[in-house]
Amino acid sequence: MSYKLPDLEYEYNSLEPYIDEETMHLHHDKHHQAYLDKFKTAIEQTPLNGKSIEEILSNINVVPEAQRSAVRNNGGGYANHSLYWKIMGPNAGNVPEGKLADAINDSFGSFDEFKKKFSDAAATQFGSGWAWLVVNKDKKLEVTKTSNQDTPLSEGKIPILNIDVWEHAYYLNYKNKRPDYIEAFYNVINWKKVSELFANAML
Ligand code: MN
């Protein structure tokens with residue numbers, strides 16, 4: 001398996017006004033690319049080169065110690081952003097349907113309660129990091145947050161939705177107002193894609 005920067009499945013400007021074109025260019029073309037490049041440099045020095053990024057991050061302790069931090073941080077950055085682009089899209093802002101909607105109601109009580117939990121996780125992540133909706137080992141939905149580029153994959157959980165709360169994700173448009181970015185983010189969540197990821201995670 002080779003490691004590649006995924007193309008966006010939509011235009012850079014198509015998430016406006018919620019996420020601006022310049023942020024998308026910098027974030028995808030520069031930040032994500034840099035994580036990928038540094039990950040490749042690190043993983044090439046290990047026998048794990050060529051294994052899927054998910055497999056590597058799920059077994060991070062198998063990575064030789066000399067490269068482990070670099071793989072954790074940059075491999076995490078590579079994988080986390082690949083998911084982030086995928087679960088966003090233009091003309092979104094709808095609500096989940098079908099089995100995912102049922103599972104959200106089961107785990108959180110309602111979509112609004114889920115939203116509150118997810119927003120709260122994103123807002124209270126101190127410093128850089130991510131908030132997540134994951135399928136845990138018991139095949140239940142869970143909201144969680146991680147620091148830096150850490151991923152729930154390393155805790156045996158399968159991520160199906162994430163929000164990047166590093167300042168580079170929102171600062172150009174929202175400055176210090178992280179909560180405004182979080183609220184706007186619901187307008188770009190592609191719930192169809194999240195449902196597909198949920199279905200795969202439940203297999
Ligand atoms: Mn980012």
Side-chain angles (χ1 to χ4, degrees), residues 3-43 52-54 56-58 60 68-90 92-93 118-134 143-155 157-190 193-194 197:
Y3 308 109
K4 281 189 307 208
L5 190 70
D7 289 330
L8 297 181
E9 291 167 23
Y10 40 84
E11 300 300 319
Y12 285 88
N13 65 2
S14 65
L15 302 183
E16 292 198 350
Y18 309 109
I19 301 184
D20 62 281
E21 181 175 8
E22 191 184 2
T23 295
M24 289 299 287
H25 268 294
L26 286 168
H27 202 174
H28 178 267
D29 306 351
K30 306 291 182 192
H31 288 280
H32 196 183
Q33 183 72 55
Y35 288 119
L36 172 58
D37 292 345
K38 288 177 188 164
F39 164 67
K40 281 163 80 173
T41 301
I43 205 69
S52 82
I53 184 63
E54 290 81 11
I56 291 167
L57 294 170
S58 300
I60 193 72
R68 198 176 302 150
S69 300
V71 168
R72 178 174 167 181
N73 293 330
N74 296 296
Y78 170 45
N80 296 347
H81 289 89
S82 296
L83 177 66
Y84 180 66
W85 311 131
K86 209 184 285 180
I87 54 82
M88 293 194 289
F118 187 75
S119 294
D120 189 56
T124 60
Q125 168 54 40
F126 184 73
S128 297
W130 297 77
W132 305 84
L133 177 63
V134 303
V143 165
T144 175
K145 57 186 175 180
T146 58
S147 295
N148 303 314
Q149 295 297 350
D150 286 354
T151 160
L153 283 170
S154 304
E155 299 160 25
K157 297 168 182 172
I158 303 174
I160 62 170
L161 171 70
N162 62 1
I163 178 172
D164 190 343
V165 295
W166 283 60
E167 285 186 344
H168 67 225
Y170 61 88
Y171 212 86
L172 286 181
N173 202 1
Y174 294 95
K175 303 295 186 287
N176 57 320
K177 295 184 177 134
R178 189 194 284 187
D180 291 359
Y181 156 69
I182 296 167
E183 191 52 41
F185 181 72
Y186 292 97
N187 295 291
V188 298
I189 298 177
N190 179 349
K193 188 60 85 175
V194 181
L197 295 168

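Both ligands and their constituent atoms are indexed starting at 1 by order of listing. Starting from 1, each residue takes its place in the sequence as its number.
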Checklist line | Proximal heteroatom of Asp164 relative to the Mn ion (ligand 1) (N/O/S) | finding: OD2

Check: Side chain of Glu16, backbone of Glu21: donor and acceptor closer than 3.5 Å?
Finding: yes

Checklist line | Shortest-distance N/O/S atom, His27 versus the Mn ion (ligand 1) | finding: NE2

Next item on the list: Kindly report the NE2-the Mn ion (ligand 1)-NE2 angle for His168 and His81 respectively, rounded to 10°.
Entry: 140°

Next item on the list: Please report the closest heavy-atom contact between Asn74 and Phe39, naming both atoms and the distance.
Entry: CB-N, 3.6 Å

Checklist line | Pairwise side-chain contact, Phe118 with Tyr186, heavy-atom cut-off 4.5 Å (strictly under) | finding: yes

Margin query: Counting neighbours of CD on Gln33 that are heavy atoms of other residues, nucleotides or ligands and sit closer than 6.0 Å, is the number greater than 12?
Written below: yes

